Amino acid sequence: MTRYQTIATLFAVTTAAIAFQTSPSLSFSSEAQQMCSGDAMRLCSSEIPDIPRIRACMVQKKAQVSPGCRAVMDREAAAATGSRKREAAAQ
């Protein structure tokens with residue numbers, strides 16, 4: 001298997017794993033997949049196919065991601081924070 005085929009296979013596996021992820025804290029929106037897949041491959045390919053490690057790597061290297069990916073990451077982090085605050089207030 002060539003290096004390109006290996007990367008393409010890992011990308012397909014990662015995309016499928018992200019699509020089927022059930023935990024909201026670890027899932028990625030379709031927009032995040034679209035905007036951040038290239039950054040994930042470029043910056044965090046060594047973490048594939050471990051979804052939690054990919055997420056941690058992307059957060060750690062946030063300063064190096066593309067502007068579009070960073071915007072999606074910021075929106076999703078704000079939404080998650082708001083959701084956690086609403087859950088805490090409801091308890």
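Keep in mind it's a predicted model, so treat the numbers as computed, not measured. Only this structure's heavy atoms are used, side chains among them; waters, hydrogens and symmetry mates stay out.
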*asked:* Are the side chains of Ile54 and Met58 in contact, using a 4.5 Å heavy-atom criterion?
replied: yes
- [ ] Could you check if a side-chain atom of Met73 sits within less than 4.5 angstrom of a side-chain atom of Val59, using non-hydrogen atoms only?
- [x] yes
*Transitively linked via ILVMFWY side-chain contacts under 4.5 Å: Val65 with Val72?*
no
dist Ser46:OG -> Arg53:CZ (nearest 0.5 Å) comes out at 7.0 Å
Sorted by chain and residue number, the salt bridge (charged side-chain N to carboxylate O under 4.0 Å, His left out) partners of Lys61 (sequence neighbours excluded) come out as none
Check: So if you build clusters from Ile, Leu, Val, Met, Phe, Trp, Tyr with side-chain heavy-atom gaps below 4.5 Å, do Met41 and Ile51 land together?
Finding: yes
Scanning both residues in full, the closest heavy-atom pair of Cys69 with Asp39 reads CB-OD2, 3.2 Å
Residues 62-75 vs salt bridge (Lys or Arg N to Asp or Glu O under 4.0 Å), sequence neighbours excluded, gives Glu31-Arg75, Lys62-Asp74
